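Chain identifiers are assigned alphabetically (A, B, ...) following the order of the sequence lines, protein sequences preceding nucleic acid strands; residue numbering begins at 1 within each chain. None of the values given here were measured: they were computed from a predicted structure.
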Protein chains: 2
Amino acid sequence: MTQTRRRGAALEAAIYLATREILAEEGLAGLTFPKVADRANTSKPVIYRRWDSPFALAIAALQDKIKRENSGRTDEIKLTGRTLAEDLTQVLKRFTVSMKTFDESYLGSLMGGLNKEQGAAIQRMIAEGNAIDINAIDRVVKRAQDRDELGAGTLPDQVKLLPFDLLRYHLFVNQEFSDAELASVIDDVLLPAYHHALEH
Amino acid sequence: MTQTRRRGAALEAAIYLATREILAEEGLAGLTFPKVADRANTSKPVIYRRWDSPFALAIAALQDKIKRENSGRTDEIKLTGRTLAEDLTQVLKRFTVSMKTFDESYLGSLMGGLNKEQGAAIQRMIAEGNAIDINAIDRVVKRAQDRDELGAGTLPDQVKLLPFDLLRYHLFVNQEFSDAELASVIDDVLLPAYHHALEH
DNA sequence: TCATTTAAGATACTAAAAGTTTCTTATTCA
DNA sequence: TGAATAAGAAACTTTTAGTATCTTAAATGA
């Protein structure tokens, strides 16, 4: 057996990696210091000396990953599109990519302290809710068409679901969504979108 | 001391209440049977006899609340608006209300196995991200204005943040967001909204 | 109303996991 | 090469989850 002993940055890197693996597999609820020490092939005191709580370690581990894989901020992209649509696509695609190493691990790991089957249970509930919400929008659009406010045709499902997704997101992250903001979304986003898709 | 002993429905109601309180305060990670028994002024065996896991109890407790406070489905509302905007407002306001007793407790509690200060830490990160994203959209809009694709003016912040919020939501709930869907959001929602707000 | 059944609750116990202390020894650096 | 620093092993304490047993209150029904 090679008598080697890691320390400093190399040791911390191993601890962060182990932490992220446990987070991915078991979520925040399953993240304990003994498990981390075990998985990183080190000992408990090493972990206890450095961090105060599993949550603090989780934050550190994820920030470490972001630092390593820094894929750039959305406002530092070189924009090369020739149209508004192309520029928006560039920004949002970059955002999606960086989110996948950020939110997915970061918020995803932290917020979703769920395992596989638990996640599946939640998925079903969301799917049921979506069907109901699409229905609701269909009725609203039908009424608008009947009174000749909108032309014929149908909206894409994700356009129908957009306001519900948006409101749910704000509830998730505990951000207030005021009546004024709701009115703005309706007036500034939904109405233009509906009229664009369902012109006379 | 009154020698009274609850059972059946009354007992379960107290257990559900205790469960929801713990969920709200400590999240799913903090939900344990002994804590519930203690808080509901009953004993551990009562809980262990009825449920297999804290997660199962959490689901039951939240479904119980939904059953009690059933505020109706969004597609069963009596629509009375005289315009598309009014109908949309009715649907989305009702959604917001019912979400507050559904998602907020339901998905919110389950997905966010976080306590108060942990939630606050996440809040700060989101706020930082938002500033960056608003910046990115400002640059995109500026370029479009420079090439005379859009007129003068500014978009409301929540309109700028909308696509980012939407993408984050989908990552949260682990729903794929395909390139085609992204393109549809840009073409069918964002472009009409931007043109509407920033007309020549 | 009283005997019988059912289920709640108290208590003590077991098991497992978290967290701590102490000491040894490998690594680093002057 | 020797002193300082930090890693790792191991034994220990504390806490908490989970279980088993028994007593007794509440419901049921002849």
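Note: CG (A:Asp52) to C1' (C:dG19) measures 13 Å, nearest angstrom. Straight-line distance from the CG atom of B:Asp38 to the C1' atom of D:dT15: 14 Å, rounded to whole Å. We find that CG of B:Asn41 is positioned 17 Å from C1' of D:dA25, with the value rounded to whole Å. The distance from atom CD1 of B:Ile47 to atom C1' of C:dA10 is 14 Å, rounded to the nearest whole Å. Atom CD1 of B:Ile15 is separated from atom P of C:dA7 by 14 Å (rounded to the nearest Å). Following rounding to the nearest Å, B:Arg39 (CZ) and D:dT16 (C1') show an atom-to-atom distance of 18 Å.
The shortest distance between side-chain heavy atoms of B:Arg50 and B:Glu12 falls below 4.5 Å. With a 4.5 Å cut-off on side-chain heavy atoms, B:Gln158 and B:Asp165 do not count as touching. Side-chain contact check for A:Thr19 versus A:Asp64: every heavy-atom pair is 4.5 Å or farther apart.
In this structure, A:Asp52 places its CG atom where only 12 or fewer heavy-atom neighbours from other residues, nucleotides or ligands lie under 6.0 Å away.
With sequence neighbours excluded, the residues forming a ring pair (Phe, Tyr, Trp, His ring centres under 6.0 Å) with B:Phe164 are A:Phe95, listed by chain and number.
The shortest heavy-atom contact between A:Arg6 and A:Ala14 is NH1-CB, 3.5 Å. When all heavy atoms are compared, the tightest approach of A:Tyr48 to A:Pro34 is OH-CD, 3.9 Å.
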Restricting both atoms to N or O, compile the protein contacts to nucleotides 12-18 of chain C shorter than 3.5 Å, with distance only.
from	atom 1	to	atom 2	distance (Å)
C:dA18	OP1	A:Thr32	OG1	2.7

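The structure places CZ of A:Arg82 at 11.0 Å from CD of B:Glu149, a figure rounded to the nearest 0.5 Å.
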key: Nucleic acid footprint by protein, nucleotides 2-7 of chain D - heavy-atom cut-off 4.0 Å, B for base, S for sugar-phosphate alone   = ---BBB
